[in-house]
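The next block holds one structure in the form of structure tokens; read it before the comments.
By convention in this document, chain letters (A, B, ...) are assigned in the order of the sequence lines, proteins followed by strands, and residues within each chain are numbered from 1. Here the structure is a predicted model, which means the values were calculated and not measured.
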Protein chains: 2
Amino acid sequence: MLNHRRFPSLSSIRAFEAAARLGSFAKAAEELDTTAASVSYHVRRLEEQIGVRLFLRHAQRVELTESGELVAREAINAFATLRACFIKAADMDEGRLSLTTLPTLGTSWLTPKLGKFRTKHPEIVIDLDLSPDAQDLSSGRFDVAIRNGHGRWPGLRAIEMFPSIFMPLCAPALKDAAAGIADPRRQLDVPLLGRSDWWMRWYRALGFSDVVLPGSFGTHLSAEYLDIAAAVAGHGIAIGSPILFRNELETGRLVPAHDFVAGDGRSFWFTFPIARQNSSKIVKFRDWLSSEVERDRDAARSFIRRAAMVES
Amino acid sequence: MLNHRRFPSLSSIRAFEAAARLGSFAKAAEELDTTAASVSYHVRRLEEQIGVRLFLRHAQRVELTESGELVAREAINAFATLRACFIKAADMDEGRLSLTTLPTLGTSWLTPKLGKFRTKHPEIVIDLDLSPDAQDLSSGRFDVAIRNGHGRWPGLRAIEMFPSIFMPLCAPALKDAAAGIADPRRQLDVPLLGRSDWWMRWYRALGFSDVVLPGSFGTHLSAEYLDIAAAVAGHGIAIGSPILFRNELETGRLVPAHDFVAGDGRSFWFTFPIARQNSSKIVKFRDWLSSEVERDRDAARSFIRRAAMVES
DNA sequence: GTTGAGCATAAGTTTGGCTTAGCCTGCGGG
DNA sequence: CCCGCAGGCTAAGCCAAACTTATGCTCAAC
């Protein structure tokens, strides 16, 4: 008799379902890619577990009992439902790509381009998360990430986009006031904005090893885009990437305050779990992103070429 | 990505279903009577197989993703359907007892009593099959059988009902004409009806070893009840069981043509698969049958006591 | 700060389920 | 009529999936 607490073996149910649907153990075995012996065994097992005879065995064929018919109807239905919902879930999942990236890159570089992706792949919605610290891709909250670092993350595939480089940028009106920027001992009339560690690196790349920067930087790391906005507004000289802020440079809202470009040896990487490298939405985004990166890297190649790397 | 041909592992689906329904891997593990590690493993596996993240892992809890919610709804539903239909099938099965027996016993002895069983257990429908040869109980076509034999059938439990005995029976009007029945050399005015092998045994039990019976018995084995009907109609002397035809004897429609009773050493047995001895419908029928047998055996005890057994 | 709940991961072990091999039965064609 | 074949059953042995054990980690509660 049926023990109401315990569920019968699922393999047995599957075997029964196929046998009932196809009306033959042999055909079921073929569909399940196994042997008739296995199907026979499982059907018998199921019958023992629920205490009900499901098939009548005749010499060359099997026939469902009345109870068998009932169970078959429901089981076939249940399996079809499951099959369908996995496919549906996969489709739904394919239609939403969730991406986490650094606020600066997201705000200044990525967001303006996303419209083009949407036009090219209208079936995919991008779900963008901007957070300063690297989110764990293995948690599944995000499909892909754009990260800054050295490109080695266990379990993740990392595709290099462009190097992390920076140079002093200012509004054209401040260009003259910034003339002495290359000498850290001179006191400028305009404040320096942006990440102090980058300023240090930039000066070190110029040959000044123990620069003491004026205080009042007043910014968080990773909020450079706010400082860039301030620089555009003429409030000082910011340090930032000529690649990320190519648009500001090309439109003349910013100009280099000095031509020297430094880098920290790190890069921006497009990353995703190796296990998901064949996911079609990831492939689509990756391909699109690569072409965008290609164009930008090309446009910024002079900056990249002359960047002086400073190891930490 | 989901391979549309192959179904994901069912154990994984079950683990996921329980986890989704209970909102916790630990609770799911408890319900499935396994460990949290197993549930965790299976959910991860399912996600890999269908290529869709179903749960978001947080430190102390898990949360369904959007796709997870969809799959969960369907899976919970599918499992509930399955669970329900097995129970329903068991119930349906419990409500119908199918019994195969010999035509004589079924017609003359069992059928008149079945009304009482129906009254006592209105929830069980008896599905009666009368066939001269023993049906295979292991095929599942029948739940129980009443058989004639020596009580040893592999895999079957056999409960003895009463011995297979027989004596000459005739209509009261023929009693005088049957006076010389005990001497096979005398030619009677009335024909002998019924199984010739039983007549032979009966005479052998009386001490006549090589009896030559008159021809024209014109009956099949196992169709004694037809001959008994003929005897009731006064067409001859039949040989049959005083237990099975107790009713005819008690109402006076038949009388013993001679008081000698023979047996063949066999009995009628109530049998069913050992594996099913706890099936409640079988227990109910068995208990009812036993009480009926008890009463009949009691009423027929004088016939049974004096039956002379003749080994084949 | 300590404890406990909840999930993940690794490694070792068991057992369910598969395969192989052989048998039986009935059908159909030579 | 007989033999081959199709379809199902059973037994025995093997293997990988799935389970257990053990440990670690994180957060929440006291």
Exercise for review: Could you name each residue pair satisfying ring-ring contact (aromatic ring centres under 6.0 Å, His included) that touches residues 91-110 of chain B, not counting sequence neighbours?
Suggested key: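 Applying ring-ring contact (aromatic ring centres under 6.0 Å, His included) to every pair that reaches into residues 91-110 of chain B, excluding sequence neighbours, yields W109(B)-F162(B).
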Practice item. Can you run down the ring-ring contact (aromatic ring centres under 6.0 Å, His included) pairs that involve residues 9-29 of chain A, sequence neighbours left out, and say none if there aren't any? Key: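 Of all non-adjacent pairs touching residues 9-29 of chain A, those that pass ring-ring contact (aromatic ring centres under 6.0 Å, His included) are F16(A)-F55(A), F25(A)-F55(A).
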Review point. Within a radius of less than 6.0 Å around CD of E30(A), do more than 12 heavy atoms belonging to other residues, nucleotides or ligands occur?
Key: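 Counting other residues, nucleotides and ligands, CD of E30(A) stays at 12 neighbours or fewer.
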Review point. Within less than 4.0 Å of OP1 or OP2 of dG7(D), is there a side-chain N or O belonging to S24(A)?
Key: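 S24(A) to dG7(D) OP1/OP2: no side-chain N or O under 4.0 Å.
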Review point. Within the structure, does a side-chain N or O atom of R44(A) lie under 4.0 Å from either OP1 or OP2 of dG8(D)?
Key: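 No.
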Atom [atom1] of [X] and atom [atom2] of [N]: how far apart are they, to the nearest Å?
X	N	atom1	atom2	value
F25(A)	dC18(C)	CZ	C1'	17 Å
I13(A)	dG16(C)	CD1	P	16 Å
L54(B)	dC7(C)	CG	C1'	16 Å
F55(B)	dC7(C)	CZ	P	9 Å
E63(A)	dG26(C)	CD	C1'	16 Å
L46(A)	dG16(C)	CG	P	16 Å
R57(B)	dA8(C)	CZ	P	5 Å
L56(A)	dG8(D)	CG	C1'	14 Å

Practice item. Report which part of the nucleic acid A26(B) touches: base, sugar-phosphate, or nothing (heavy-atom distance under 4.0 Å, all strands). Key: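 The residue A26(B) makes sugar-phosphate contact but no base contact.
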**Study point:** Contact letters for nucleotides 18-30 of chain D, in which S counts primed atoms plus P, OP1 and OP2 and B counts the base, heavy atoms under 4.0 Å
**Key:** SSBB----BBS--
With [X] via side chain to side chain contact (heavy atoms under 4.5 Å, CB included) - residues at least two apart:
X	result
D129(A)	T100(A), S131(A), Q135(A), F142(A)
T271(B)	L137(B), A145(B), R147(B), W153(B), L156(B), A158(B), W269(B)
D127(B)	R96(B), S98(B)

Review point. Can you tell if the side chain of E47(B) reaches within under 4.5 Å of the side chain of V52(B), non-hydrogen atoms only?
Key: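 No, every pair of side-chain atoms sits at 4.5 Å or beyond.
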